[in-house]
Every structure is written in C-alpha cells, then in structure tokens.
S.K.: 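Structure incoming, see below.
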Amino acid sequence: MRTVIFLTILALGLPAAAQTELKCPELKPRTRALKVLRMQPLKRGKAWLAGKPKAVNTLACDLYGMKTEEAEYDGKNLVLKHSFTYLEKDEARAFCEKRKSAEKLTTTFSGEAQSSADEFCRRNKKKDFGIVRVFDASPSQGRESARRPVRQIFRLYTKAGFTAEEHAFDPLLNLESVTLRVYDKKNNLTETTVNDFDGRQMSRDTWAWNKAAASRTHTVYGGSNELRKRTVYELREDGTLRREVSTTYDSGEQPMTRVEIYCDAKGRPEKELVYDADAAEPKYEYAYAYKYDAKGNWTEERKSRSIVYNGNRLPDTQSAPEITKREFLYY
C-alpha cells in the first residue's frame with residue numbers, strides 16, 4: 001500500500017470522474033516537485049512586474065511519474081487538498097474480502113453489503129483491478145488514519161495494464177459515475193465516456209490519428225452527443241507540436257470561437273490567435289515569452305495581448321500580461 005496526497009487543480013465544479021487523473025506532467029528530467037505560481041502583475045511606469053502570486057499549485061511526483069502530492073492555494077490560503085491510498089491486485093481483493101463482498105446480496109451480513117461497491121467486487125473478483133481511496137487531507141480534518149474516504153475509485157485494467165474502467169463511489173460507497181476507456185491495437189486511447197450512476201452519458205471524448213497529415217484530433221461531446229469542442233494537433237516530423245487549432249461550439253453545434261496556437265521547435269506556444277466564430281481575421285493575438293532553467297524547462301511564461309483591427313496589430317498596453325512561474329525540484 002502507498003499513500004498519495006492529491007488535489008486536482010480543476011476539482012472545483014468538475015464531476016468526480018474528472019478527478020481521477022493521477023499522472024504528473026511529462027517533464028524531462030524526472031521531476032520530484034513542481035510549484036506553479038500564477039502572478040498578479042503590477043505596472044511600474046511602462047513595464048509590467050510579476051507582482052505577488054494570486055494562485056499557487058504544488059505537485060510532487062514519484063519516480064514513475066505518478067502524483068504523490070498536490071495542493072491548491074488562493075494566495076496563502078489552502079483551498080483544497082486530498083490524499084489518495086492505492087490498493088492494487090492482492091490488496092484490492094483483500095479489501096473486498098474484508099467487506100465480505102463475495103457474498104450474495106441476499107446475505108444480511110451488514111448494511112454495507114448492499115452497496116454498489118460490493119456489487120462491483122462480486123462481479124469482478126476474478127479480474128485485475130485496483131482501488132484508489134480518496135481522503136480529505138485538509139489540516140482541519142485531523143490525522144489521515146482517523147478519516148474516512150470521501151471517494152473511492154475502483155479501476156479495471158486491460159491485459160496491457162491500461163485503465164479500462166473507473167467506477168467512482170461516494171463516502172457511503174454508492175455509485176457516482178463510471179468512466180469507460182477504449183484503446184486501439186497499439187494501446188492508443190481512442191475514446192472515453194463518462195456515465196452517471198444510472199448509466200446516462202455525461203460526456204464523451206474521442207481521439208483520432210491521421211498519419212498522412214501528421215496530426216491528431218481530440219473531440220469533446222456532451223451528454224446528448226452534441227459537439228462541444230474539437231482540437232486538431234499538427235505535428236512536426238520529430239513528433240513535437242507545430243500548431244494547435246481549437247474550436248468551441250454552442251448548443252446548436254455552431255462555432256463560437258476558434259483559437260490557433262503556433263509553437264516553437266520544442267513544441268512550446270509562441271503565438272496565439274483568437275477568432276470569433278468563423279471570422280477570417282483574429283480579434284486578439286497573444287505573444288509568449290519565456291525564461292528557462294539549466295535543464296531547459298521554462299520557469300516564467302509571459303502571455304501579452306495585442307488587438308487586431310483591419311489587419312493591424314496594436315499592443316494592448318492597458319491589459320496586464322498573464323504571468324506564470326514554475327519552480328522545479330528534480331530527481
């Protein structure tokens with residue numbers, strides 16, 4: 001068993017199934033800890049200074065690239081923090097056996113036997129599965145060992161070891177959502193569907209690859225399979241990102257906005273164009289600037305806006321740049 005501290009940056013307002021991403025960002029060299037600071041810029045004369053952090057996210061990772069700690073702060077105030085305990089294979093089966101989950105529903109060994117989680121254990125007791133137990137790790141909640149999980153996620157795996165299904169349960173082990181994943185023959189993820197406890201679709205994502213065009217497409221659909229967003233990633237010969245084009249759609253599947261991001265030779269955003277609906281000319285253009293550490297990872301990113309009018313680009317001197325800083329601790 002291993003215990004992991006986790007807080008998802010986007011947890012507020014997202015469904016439970018969206019909070020199960022445990023992988024750290026893919027960075028080289030391997031990163032032990034990462035702090036991301038979103039700054040509140042201050043203007044001094046004509047220059048914009050970074051100012052103080054308005055939001056801070058901290059992240060720690062193990063040698064396998066899995067999150068071992070993550071927290072979100074509003075300034076200096078802790079907003080949200082969770083701890084994760086992972087049970088795999090024998091430990092997961094032991095968890096089910098301890099609850100007597102193999103017994104039939106008609107057996108009245110305890111009220112817990114009637115939970116959705118016990119039904120999962122009964123159906124999948126011979127399969128390869130793991131359990132992620134999520135705890136509230138806020139200081140006000142006391143010692144971790146004294147707390148009950150606020151969510152438990154039962155994960156079924158493919159023969160290749162990839163996650164095929166995630167069943168998320170509430171503190172009483174009632175089913176909240178089910179996430180289903182589909183892979184191609186090369187184990188590339190091609191589809192993810194999130195259903196609610198009653199089997200109704202909440203969202204669906206698809207991924208498609210076009211080898212001839214050196215591109216991949218990520219499409220997001222809503223609960224009724226209505227088109228919400230489509231992003232096309234165009235790649236260079238070495239696999240780095242060359243251009244990213246994202247289009248968002250309204251409830252009638254009509255384009256609302258289009259964003260084009262052009263990247264440098266290492267795949268980092270260099271220029272961003274923002275369009276209204278299907279307009280031929282962008283409304284805004286953003287320029288990116290970076291500072292780097294000795295390992296080649298950026299430690300400061302500045303995103304400055306220009307207004308586009310009749311083909312002319314006018315720097316928006318009244319709008320503060322978006323400034324993000326990163327601090328690394330490497331293995």
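Any value given below was found using the heavy atoms of this structure, including those in side chains, with hydrogens, waters and symmetry copies removed. Along the sequence shown, residues carry numbers from 1.
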S.K.: Is it the case that the side chain of N210 and the backbone of A214 share a donor-acceptor pair, with hydrogens and angles ignored and the cut-off at 3.5 Å?
M.R.: no

S.K.: State whether the side chain of E272 and the backbone N or O of A287 hold a donor-acceptor pair below 3.5 Å, judged by distance alone.
M.R.: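 No.
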
S.K.: Tell me whether R204 forms a cation-pi arrangement with Y221, defined as NZ or CZ under 6.0 Å from the six-membered ring centre and within 45 degrees of its axis.
M.R.: yes

S.K.: Is E191 salt-bridged to R181, going by a charged N under 4.0 Å from an acidic O?
M.R.: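 Between R181 and E191 there is no salt bridge, as every charged N stays at least 4.0 Å from the carboxylate O atoms.
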
S.K.: Any side-chain heavy atom of P255 within less than 4.5 Å of one from T247?
M.R.: yes

S.K.: Answer with yes or no whether the hydrophobic clustering places L78 together with V36; edges join I, L, V, M, F, W, Y residues whose side-chain heavy atoms lie under 4.5 Å apart.
M.R.: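 Unlinked, L78 and V36 end up in two clusters.
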
S.K.: Could you go step by step and tell me if Y249 and M256 meet the side chain to side chain contact (heavy atoms under 4.5 Å, CB included) rule?
M.R.: CA-CA 5 Å; Y249 299 85; M256 291 195 306; 5.8 Å; no

S.K.: Looking only at heavy atoms, what is the nearest atom pair of G130 and A92, with distance?
M.R.: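 Residues G130 and A92, closest heavy atoms: CA-CB, 4.1 Å.
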
S.K.: When you group the ILVMFWY residues by side-chain heavy-atom contacts below 4.5 Å and let the links chain together, are Y288 and V308 in the same group?
M.R.: no

S.K.: With a 4.0 Å cut-off on N to O distance, would you call E97 and R99 a salt bridge?
M.R.: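 R99 and E97: not salt-bridged.
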
S.K.: If you take all heavy atoms of K43 and Q318, which pair is closest and at what distance?
M.R.: NZ-NE2, 4.3 Å

S.K.: Around atom NZ of K266, are there more than 12 heavy atoms from other residues, nucleotides or ligands closer than 6.0 Å?
M.R.: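 Not buried by this count: 12 neighbours or fewer within 6.0 Å.
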
S.K.: Check whether N188 reaches the backbone of D184 with its side chain - one donor and one acceptor, N or O, closer than 3.5 Å.
M.R.: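 Side chain of N188 to backbone of D184, a donor-acceptor pair under 3.5 Å: no, none is there.
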
S.K.: Quick check on R30: does its CZ atom have over 12 non-hydrogen neighbours (other residues, nucleotides or ligands) under 6.0 Å away?
M.R.: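 No, not enclosed.
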
S.K.: Atom NZ in K127, atom CG in L156: separation rounded to 0.5 Å?
M.R.: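 Atom-to-atom, K127:NZ and L156:CG are 6.0 Å apart.
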
S.K.: Working to the nearest 0.5 angstrom, can you tell me the gap between E165 CD and I153 CD1?
M.R.: 14.0 Å

S.K.: For a 4.5 angstrom cut-off between non-hydrogen side-chain atoms, does D316 reach L314?
M.R.: no

S.K.: Look at the side chain of S115 and the backbone N and O of D118, then say whether any donor-acceptor pair between them is shorter than 3.5 Å.
M.R.: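 Present.
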
S.K.: Could you walk me through whether V182 and T206 pass the side chain to side chain contact (heavy atoms under 4.5 Å, CB included) test, one step at a time?
M.R.: CA-CA 9 Å; V182 179; T206 64; over 6 Å; no

S.K.: Is K271 positioned over the aromatic face of Y262, cation under 6.0 angstrom from the ring centre and no more than 45 degrees off axis?
M.R.: yes

S.K.: Is the charged tip of R216 near the ring of W207: under 6.0 Å from the six-membered ring centre and within 45° of its axis?
M.R.: no

S.K.: Starting from Y73, can I reach L59 by hopping between I/L/V/M/F/W/Y residues whose side chains sit under 4.5 Å apart?
M.R.: no

S.K.: Is a salt bridge present between R302 and E322, judged by a nitrogen-to-oxygen distance below 4.0 Å?
M.R.: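 Between E322 and R302 there is no salt bridge, as every charged N stays at least 4.0 Å from the carboxylate O atoms.
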
S.K.: Give the C-alpha distance, both sets of side-chain angles, the deciding distance and a yes or no for salt bridge (charged side-chain N to carboxylate O under 4.0 Å, His left out) between R200 and D198.
M.R.: CA-CA 6 Å; R200 294 183 294 260; D198 229 4; 3.2 Å; yes

S.K.: Start with the C-alpha distance between R305 and E285, add both sets of side-chain angles, then the distance that settles salt bridge (charged side-chain N to carboxylate O under 4.0 Å, His left out), and finish with yes or no.
M.R.: CA-CA 6 Å; R305 190 173 78 173; E285 178 177 315; over 6 Å; no

S.K.: Taking the side chain as every heavy atom from C-beta outward, state whether C263 and R243 have any atom pair closer than 4.5 Å.
M.R.: no

S.K.: Could you tell me the separation between the CG atom of D136 and the CZ atom of R151, rounded to the nearest 0.5 Å?
M.R.: 11.0 Å

S.K.: Should L189 and Y233 be counted in the same cluster of Ile, Leu, Val, Met, Phe, Trp and Tyr side chains packed under 4.5 Å apart?
M.R.: no

S.K.: Please report the shortest heavy-atom distance between K81 and E70, naming the atom on each side.
M.R.: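 Heavy-atom minimum between the residues: CG-O, 4.1 Å.
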
S.K.: I'd like to know if M39 and V56 are part of one continuous hydrophobic network [Ile/Leu/Val/Met/Phe/Trp/Tyr, side-chain heavy atoms within less than 4.5 Å].
M.R.: yes

S.K.: For this output row, return yes or no: ring centroids of Y183 and F162 closer than 6.0 angstrom.
M.R.: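 Under 6.0 Å, so yes.
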
S.K.: Do any N or O atoms from the side chain of T179 and from the backbone of V194 form a donor-acceptor pair under 3.5 angstrom?
M.R.: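 Checking the backbone N and O of V194 against the side chain of T179, no donor-acceptor pair under 3.5 Å is found.
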
S.K.: Among all residues two or more places apart in sequence or in another chain, which pass the side-chain contact (heavy atoms from CB on, under 4.5 Å) test with P171?
M.R.: none

S.K.: Taking the six-membered ring of Y275 (Phe, Tyr or Trp), confirm whether the NZ or CZ of R258 is under 6.0 Å from its centre and within 45° of its axis.
M.R.: yes

S.K.: Taking atom types as modelled, is there a side-chain donor on D293 or N297 under 3.5 Å from an acceptor on the other?
M.R.: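 There is no such pair between these side chains.
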
S.K.: Distance check, rounded to the nearest 0.5 Å: T231 atom OG1 versus I261 atom CD1?
M.R.: 9.0 Å

S.K.: In terms of side-chain geometry, is the basic nitrogen of E301 or K291 positioned less than 4.0 Å from the acidic oxygen of its partner?
M.R.: no

S.K.: Determine whether R326 and T299 satisfy the following criterion, side chain to side chain donor-acceptor pair (under 3.5 Å), listing intermediate values before the conclusion.
M.R.: CA-CA 5 Å; R326 300 196 302 184; T299 56; over 6 Å; no

S.K.: Got a second to check how far K185's NZ is from T190's OG1, nearest 0.5 Å?
M.R.: 12.5 Å

S.K.: Whether the side chain of D74 engages the backbone of N77 through a donor-acceptor N/O pair (distance < 3.5 Å, no angle test) should be reported.
M.R.: no

S.K.: Does atom NZ (K295) have a neighbourhood of more than 12 heavy atoms from anything else shown, all under 6.0 Å?
M.R.: no

S.K.: Is there a salt bridge (charged side-chain N to carboxylate O under 4.0 Å, His left out) between E226 and R228? Walk through the geometry before answering.
M.R.: CA-CA 6 Å; E226 70 277 14; R228 294 286 185 83; 2.8 Å; yes

S.K.: Is there a side chain to side chain contact (heavy atoms under 4.5 Å, CB included) between T240 and R242? Walk through the geometry before answering.
M.R.: CA-CA 6 Å; T240 57; R242 181 177 66 84; over 6 Å; no

S.K.: Applying side chain to side chain contact (heavy atoms under 4.5 Å, CB included), run through S177 and D196 and close with a yes or a no.
M.R.: CA-CA 4 Å; S177 65; D196 67 11; 5.7 Å; no

S.K.: Is it the case that atom CG in N225 sees more than 12 heavy atoms from other parts of the structure closer than 6.0 Å?
M.R.: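 Counting neighbours around CG of N225, more than 12 heavy atoms of other residues, nucleotides or ligands fall under 6.0 Å, so yes.
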
S.K.: State, to 0.1 Å, how close T324 and W298 come at their nearest heavy-atom pair, and which atoms those are.
M.R.: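 The pair with the smallest heavy-atom distance is O-CZ3, 3.5 Å.
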
S.K.: For L175 and F197, work out which heavy atoms get closest and say how close.
M.R.: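 Heavy-atom minimum between the residues: O-CB, 3.1 Å.
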
S.K.: Does the side chain of V259 reach to within under 4.5 Å of the side chain of E244, using non-hydrogen atoms?
M.R.: no

S.K.: Going by the rule side-chain contact (heavy atoms from CB on, under 4.5 Å), which residues pair with A47 if we only count those two or more places apart in sequence or in a different chain?
M.R.: none

S.K.: Got L34 and E327 here, is their nearest side-chain heavy-atom distance under 4.5 Å?
M.R.: no

S.K.: What is the distance from atom CZ of R155 to atom CG of N124, rounded to the nearest 0.5 Å?
M.R.: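 Result: 14.5 Å between the selected atoms.
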
S.K.: Would you call the rings of Y284 and Y286 parallel, tilted or perpendicular, taking 30° and 60° as the class edges?
M.R.: tilted

S.K.: Is the F169 to F154 ring centre distance short of 6.0 Å?
M.R.: yes

S.K.: Which heavy atom of T219 sits nearest to which heavy atom of L227, and what is that distance?
M.R.: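 Heavy atoms only, the tightest pair is CG2-CD1, 3.3 Å.
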
S.K.: Count the heavy atoms of every other residue, nucleotide or ligand shown that sit under 6.0 Å from OH of Y331, and state whether that count exceeds 12.
M.R.: yes

